[in-house]
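So the structure is just underneath, and the comments pick up after that.
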Amino acid sequence: MTRRTYYIETYGCQMNEHDSEKMAAMLDKLGMSAASAPDTAEVLIINTCSIREKAEHKVYSALGKFKSLKTRKPDTAIIVAGCVAQQEKNKLLKKVPHLDAVLGTHHISELPRILDKIRAKKSRITSTDFVEDVQSLHMVAPLKGANPVCSFVTIMQGCSNFCTYCVVPFTRGPEQSRHMDEILEEVTRLAGTGIREITLLGQNVNAYGKDLARGYAFADLLRHLDGIPGLARIRFTTSHPRDFDDSIIAAMTNLETVCEHIHLPLQSGSDSVLSAMHRGYSFAEYLAKVDSLRDSIPHVAITTDMIVGFPGETEADFMKTLEALERIRFDQIFSFKYSARPSTAAQSMPDHIPESVKIERLSRVHELQDQITEQYHRSAEGSVEEILAEGIRPQSSQVFGRTRTNKIVNLEDPDLICPGELVRVRITEGLKHSLRAVRAV
Ligand code: 5AD
Ligand code: SF4
């Protein structure tokens with residue numbers, strides 16, 4: 001039977017969101033179309049995340065939800081893709097009898113072939129080996145992504161850092177960069193279709209090119225991308241503090257299209273925890289880089305990731321994390337309770353922290369950071385900013401966009417503004433998670 005409709009449920013990071021866009025583009029190319037709900041789809045794909053245990057649980061509850069659907073409509077093809085697929089491999093087929101295929105992180109380009117095999121009812125399929133040459137992974141962005149103004153562009157695949165808590169090197173394989181000429185070609189093509197902003201994606205973009213024979217650096221890539229006709233803004237994520245250097249600060253300072261925002265995960269304020277995490281920097285080294293960035297770009301926005309309750313984290317270690325938040329005053333942070341992950345070194349470390357202590361520490365982090373983020377938003381009131389209009393909110397008809405420093409702005413007088421336009425706005429109100437603004441005269 002030829003299947004005509006698909007539904008993709010996506011969990012996890014921007015890398016996964018982008019992989020889902022690529023899968024959707026492949027299915028569209030086969031003449032299929034997106035269903036509005038799982039019940040009406042003939043192909044169901046769950047693109048999964050395993051960064052923390054909670055994310056992995058969500059996958060199993062989603063699969064549970066689809067069991068009755070498969071009973072009612074046995075011809076529905078159910079495929080699990082992404083990090084849980086990579087981690088569990090064919091064990092997942094054993095655990096979930098109503099699953100048709102397991103598609104690893106290096107195999108999304110095989111989706112059409114996998115669908116053929118399911119159709120031929122040959123066998124249930126697992127495709128999870130790591131591919132050696134990343135250039136063959138079809139990392140190319142789809143012609144039409146989810147957003148007509150902003151697009152992700154994969155510049156690297158995988159990670160070789162092996163931070164002791166992190167499952168990513170096991171689920172996405174070793175760090176491999178894409179060739180620069182392919183990236184430039186892709187961005188030029190995207191800009192030609194009206195894309196105004198790109199976000200360069202990789203687990204460790206600051207190390208871009210180090211693995212390539214030609215030996216480019218990330219700052220070289222930024223320099224080549226700056227000035228592509230039509231492209232107004234360049235963002236990138238995620239940066240590793242160890243590889244963040246003066247050449248990147250210079251690129252952020254001097255290149256017009258590179259936005260004044262960096263996501264620079266600190267993870268902990270305590271040197272002994274950073275060392276146990278295998279992060280490769282001390283708090284003082286991190287701080288020196290932040291200070292030097294702020295010297296060059298005083299209004300730069302800095303966001304971060306923090307983990308509380310890493311094995312062995314004492315109250316004194318945790319206080320250093322709070323002190324780091326007060327000292328650096330990040331614009332925004334993403335904070336997590338440590339979660340033991342399979343294959344990682346930290347899972348077998350001694351002195352795991354009780355859940356109640358992790359919960360309490362996380363709430364103290366939230367309380368402090370919420371105040372800081374709100375203060376930033378309040379202090380923006382009255383200032384004039386440039387936003388890139390990204391879309392129109394269906395309920396309120398407000399235009400929304402982001403400042404160059406990545407703050408979400410809702411426009412109160414959106415008349416005659418089209419998505420894709422750069423607009424000068426005056427901030428009228430700083431809220432907890434966003435800013436309100438009117439057009440600046
Ligand atoms: N437990 C909790 N948080 C984690 N992260 C990665 N692995 C874990 C884990 N095992 C967080 C880190 C990383 C972000 C993407 O997720 O803060 O920067
Ligand atoms: Fe995970 Fe560390 Fe690699 Fe980031 S740098 S993906 S935290 S191993």
Side-chain angles (χ1 to χ4, degrees), residues 11-19 48-58 82-84 86-87 105 130 134 154-177 199-208 210-211 218 236-244 262-270 273-281 286 302-313 318 321 324-325 330 332-349 352-355 357-359 361-362 365-366 369:
Y11 296 90
C13 63
Q14 288 158 319
M15 198 74 81
N16 264 14
E17 269 178 52
H18 192 36
D19 283 347
T48 61
C49 170
S50 68
I51 195 91
R52 284 168 291 276
E53 201 181 359
K54 206 164 137 198
E56 192 176 338
H57 281 163
K58 283 189 197 158
C83 290
V84 177
Q86 191 63 49
Q87 182 186 296
T105 51
F130 280 141
V134 82
T154 309
I155 64 164
M156 304 176 80
Q157 171 86 14
C159 181
S160 304
N161 281 316
F162 292 95
C163 299
T164 54
Y165 51 82
C166 186
V167 78
V168 168
F170 304 97
T171 59
R172 294 224 166 233
E175 192 166 283
Q176 294 184 69
S177 303
T199 301
L200 307 174
L201 289 184
Q203 305 299 338
N204 180 13
V205 292
N206 295 166
Y208 171 77
K210 289 188 180 161
D211 57 307
F218 183 55
F236 51 87
T237 197
T238 288
S239 292
H240 193 299
R242 189 200 51 220
D243 299 310
F244 182 67
I262 187 151
H263 185 64
L264 199 61
L266 170 59
Q267 311 297 4
S268 170
S270 151
V273 174
L274 286 173
S275 160
M277 287 176 162
H278 202 94
R279 288 291 288 173
Y281 54 84
Y286 182 97
I302 307 177
T303 57
T304 205
D305 292 341
M306 287 290 201
I307 296 177
V308 300
F310 184 80
E313 184 189 70
F318 173 67
T321 290
L325 296 183
F330 292 103
Q332 200 194 344
I333 72 166
F334 300 90
S335 47
F336 312 100
K337 288 179 286 170
Y338 166 76
S339 167
R341 304 312 296 133
S343 312
T344 60
Q347 66 161 348
S348 48
M349 285 181 182
H352 279 249
I353 305 298
E355 184 65 13
V357 175
K358 289 188 210 167
I359 292 173
R361 288 182 184 167
L362 190 66
V365 163
H366 283 165
Q369 185 58 40

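Scope of the values below: all heavy atoms of this structure, side chains included, with no hydrogens, waters or symmetry mates. Whatever order the structure lists ligands and atoms in, that order sets their numbers, starting from 1. These numbers were taken from a predicted model, which means no experiment stands behind them.
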- [ ] Please name the pair of heavy atoms, one in Y338 and one in K358, separated by the smallest distance, quoted to 0.1 Å.
- [x] O-NZ, 2.9 Å
- [ ] For C49 and N16, work out which heavy atoms get closest and say how close.
- [x] N-ND2, 4.1 Å
- [ ] Show the protein residues that qualify under the rule heavy atom under 4.0 Å from an atom of ligand 1, listing them in chain and number order.
- [x] I51, R52, Y165, Q267, D305, I307, F336, K337, Y338, S339, R341
Open item on the list: Please give me the minimum heavy-atom distance between S50 and R341, naming the atom from each residue.
Closed with: O-NE, 2.8 Å
Task: Salt bridge flag under 4.0 Å for residues E175 and K210 - done: no
Task: Aromatic centroids of F236 and Y208 separated by under 6.0 Å - done: no
Task: Crowding at NE2, H366 (>12 non-hydrogen neighbours, <6.0 Å) - done: yes
Task: Distance-only donor-acceptor check, side chains N161 and R279, under 3.5 Å - done: no
- [ ] Assess whether side chain to side chain contact (heavy atoms under 4.5 Å, CB included) is satisfied between I333 and V365, documenting all intermediate values.
- [x] CA-CA 9 Å; I333 72 166; V365 163; 3.5 Å; yes
- [ ] Enumerate the protein residues lying less than 4.0 Å from ligand 2, judged by heavy-atom distances, in chain and residue-number order.
- [x] C159, N161, F162, C163, Y165, C166, V168, P169, Q203, H240, R279
Task: Q369 versus Q332, side-chain donor and acceptor atoms under 3.5 Å - done: no
